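Notes for the one structure printed next.
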Amino acid sequence: MIKFFIHTFGCQMNECDSERVAGILSGAGGVPVDRLEDADVVVVNTCAVREKSEEKLFSYLGRIALLKRKKPLRLGVVGCVAQLRGVELVGPRLGVDFVLGPDNYAELPRLFGSPLQERFVSTEWSTAWRETPPGLIRRESRTSAYVTVMEGCNNFCSYCVVPFARGREKYRPLPSVLAEVADVAARGYKEVQLLGQNVNSYKDPETGAGFADLLRRVSEVDGIAWLRFLTSHPRRFPAEINRVMMERTNICRQVHLPLQSGSSAVLKKMRRGYSREMYLDVVTGLRGLIPDIALSTDIIVGFPGETERDFEQTLEALRIVRFSNIFSFRYSPRPLTRAADLVDDVPVAEKRRRLAAVQGLQKTIQLELNARAVGQCQRVLCQGPGKKTPELMSGRNEANQVVNFLSGRASCGDFVTVRITGFGPYSLRGEEIAP
Ligand code: SAM
Ligand code: SF4
């Protein structure tokens with residue numbers, strides 16, 4: 001019996017992949033363990049999007065190398081860094097025994113029955129969709145299930161390593177998406193999150209049906225109370241998606257729409273394919289049909305050549321749109337990308353200042369938005385006791401905000417009605433009221 005431990009760096013796509021990796025290992029007879037120290041096999045699922053994520057990986061590998069001196073242990077690196085660095089990771093320097101790219105997880109069962117010393121590397125791309133039977137996936141959450149609808153990205157934004165680390169776009173056949181959604185609904189999941197780097201470019205390989213069709217069909221599967229999707233690209237965000245969202249009440253009124261920069265000049269250098277005005281038009285279109293829609297975004301500060309004026313335009317865009325949440329990053333040059341050839345000319349201290357300014361402004365906006373929620377009754381999907389406040393239950397509302405609340409009876413997976421009584425910049429507080 002092999003005991004395995006998975007450590008995941010990065011985004012929801014990686015969390016979702018780790019659930020597949022865990023499923024494949026369990027299906028081959030492995031047993032998951034909660035502590036690194038108890039494992040015979042450690043799989044590290046990696047992120048290459050920013051330099052910092054790679055740095056964290058190497059310090060983590062150092063920690064495992066120490067453990068390897070004390071006990072027999074096989075160490076594998078999978079995901080984006082595995083794909084990009086491949087064979088250079090393997091060997092005594094880092095202590096890595098196997099490396100698998102995102103298309104090669106089906107090879108994990110090689111670990112069973114092979115000698116401890118065997119090393120292997122597999123980073124071949126496949127053009128076909130690789131199916132993992134839904135029953136095999138070991139989901140972390142008991143309330144919300146990730147369902148991948150596409151892999152890879154064709155956009156080649158100038159700063160982004162994803163097209164190199166995850167390959168070109170591949171779309172999952174619509175019947176297979178529907179089958180997995182039906183499977184998770186039957187297992188009692190209340191929420192489904194459809195995942196892809198660029199979901200609005202989805203095209204069913206058989207029929208050519210686009211993302212709006214997919215969204216409608218998924219929303220019609222019995223038992224799915226809440227449906228979310230990410231990430232949408234602001235370029236070619238079809239009005240059809242807005243209409244489906246308006247018509248289907250189980251699609252959450254919430255969209256993650258990465259802006260990256262509020263300056264059209266910077267967006268052009270980023271090769272995002274839209275201008276500031278086009279982005280704002282998409283927002284106007286969404287809010288025209290669904291006025292209370294919650295929008296979140298990603299922002300990069302300090303892209304090469306970003307002037308103070310460009311940066312001010314990003315702040316201005318935040319003031320105009322008033323996002324309910326943002327993820328903000330300092331630009332970091334990534335290998336193979338076009339922007340890596342540009343001079344990274346915004347000094348680190350200045351990038352830090354701009355990041356702090358973005359986050360400070362956004363905090364003020366969120367405090368203002370959250371203050372308005374006080375007194376409202378919101379539907380919340382309960383995820384169990386809060387991590388920091390175990391005396392309260394914790395869940396998410398339709399806008400995907402964390403809500404911590406007092407309750408005598410709610411348990412994980414329940415939908416509850418919560419009266420909002422307090423707020424911070426990043427969460428709401430409240431109390432459950434009788435249904
Ligand atoms: N597909 C999504 C999109 O179109 O925006 C995003 C995928 S990426 C994994 C997540 C976020 O990381 C991006 O939206 C961007 O803000 C950030 N990011 C990507 N490359 C970056 C870089 N080189 N430096 C800093 N942030 C970066
Ligand atoms: Fe990266 Fe751009 Fe593709 Fe998003 S759309 S994954 S930022 S290349």
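Order of appearance sets the numbers: ligands from 1, and atoms from 1 within every ligand. The shown structure was predicted, so the numbers you read here are calculated from the model rather than taken from an experiment.
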Could you check whether [Y] and [X], counting side-chain N and O atoms only, form a donor-acceptor pair closer than 3.5 Å?
{"X": "Gln383", "Y": "Ser141", "answer": "no"}
{"X": "Ser176", "Y": "Glu131", "answer": "yes"}
{"X": "Ser296", "Y": "Asn325", "answer": "no"}
{"X": "Arg272", "Y": "Tyr159", "answer": "yes"}

Quick check against the 3.5 Å criterion: does Thr337 have a side-chain atom that pairs as donor or acceptor with the backbone of Arg334?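 Side chain of Thr337 to backbone of Arg334: a pair is present.
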
Under 3.5 Å, N/O to N/O: give me all the pairs between ligand 1 and the protein, one per line with atom names and distance.
{"from": "ligand 1", "atom 1": "1 (N)", "to": "Gln197", "atom 2": "O", "distance (Å)": "2.8"}
{"from": "ligand 1", "atom 1": "1 (N)", "to": "Gln197", "atom 2": "OE1", "distance (Å)": "3.1"}
{"from": "ligand 1", "atom 1": "4 (O)", "to": "Arg272", "atom 2": "NH1", "distance (Å)": "3.3"}
{"from": "ligand 1", "atom 1": "5 (O)", "to": "Gln260", "atom 2": "NE2", "distance (Å)": "3.1"}
{"from": "ligand 1", "atom 1": "12 (O)", "to": "Arg50", "atom 2": "NH1", "distance (Å)": "2.9"}
{"from": "ligand 1", "atom 1": "14 (O)", "to": "Gln260", "atom 2": "NE2", "distance (Å)": "2.7"}
{"from": "ligand 1", "atom 1": "14 (O)", "to": "Asp298", "atom 2": "OD2", "distance (Å)": "2.5"}
{"from": "ligand 1", "atom 1": "16 (O)", "to": "Gln260", "atom 2": "OE1", "distance (Å)": "2.7"}
{"from": "ligand 1", "atom 1": "23 (N)", "to": "Tyr159", "atom 2": "O", "distance (Å)": "3.0"}
{"from": "ligand 1", "atom 1": "23 (N)", "to": "Ser332", "atom 2": "O", "distance (Å)": "2.7"}
{"from": "ligand 1", "atom 1": "24 (N)", "to": "Ser332", "atom 2": "N", "distance (Å)": "3.0"}

side-chain hydrogen bond (donor to acceptor under 3.5 Å, both in side chains): which pairs involve residues 342-361, sequence neighbours left out?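 Every side-chain hydrogen bond (donor to acceptor under 3.5 Å, both in side chains) pair that includes a residue of residues 342-361, provided the two are not neighbours, is Glu306-Arg354, Glu308-Arg353, Ser328-Gln359, Asp344-Lys351, Glu350-Arg353, Glu350-Arg354.
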
Tell me the protein N, O or S atoms under 2.8 Å from atom 2 (Fe) of ligand 2, in chain and number order.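 Per the 2.8 Å query on atom 2 (Fe) of ligand 2, atoms found are Cys157 SG.
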
Within a reach of under 6.0 Å around CZ of Arg379, are more than 12 heavy atoms found that belong to other residues, nucleotides or ligands?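 Enclosed.
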
Derivation of the side-chain hydrogen bond (donor to acceptor under 3.5 Å, both in side chains) call for Asp281 and Thr284: CA-CA 5 Å; Asp281 282 350; Thr284 307; 4.9 Å; no

Show me the pairs that pass ring pair (Phe, Tyr, Trp, His ring centres under 6.0 Å) and involve residues 281-317, at least two apart or across chains.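 Qualifying pairs, neighbours excluded: Phe303-Tyr331.
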
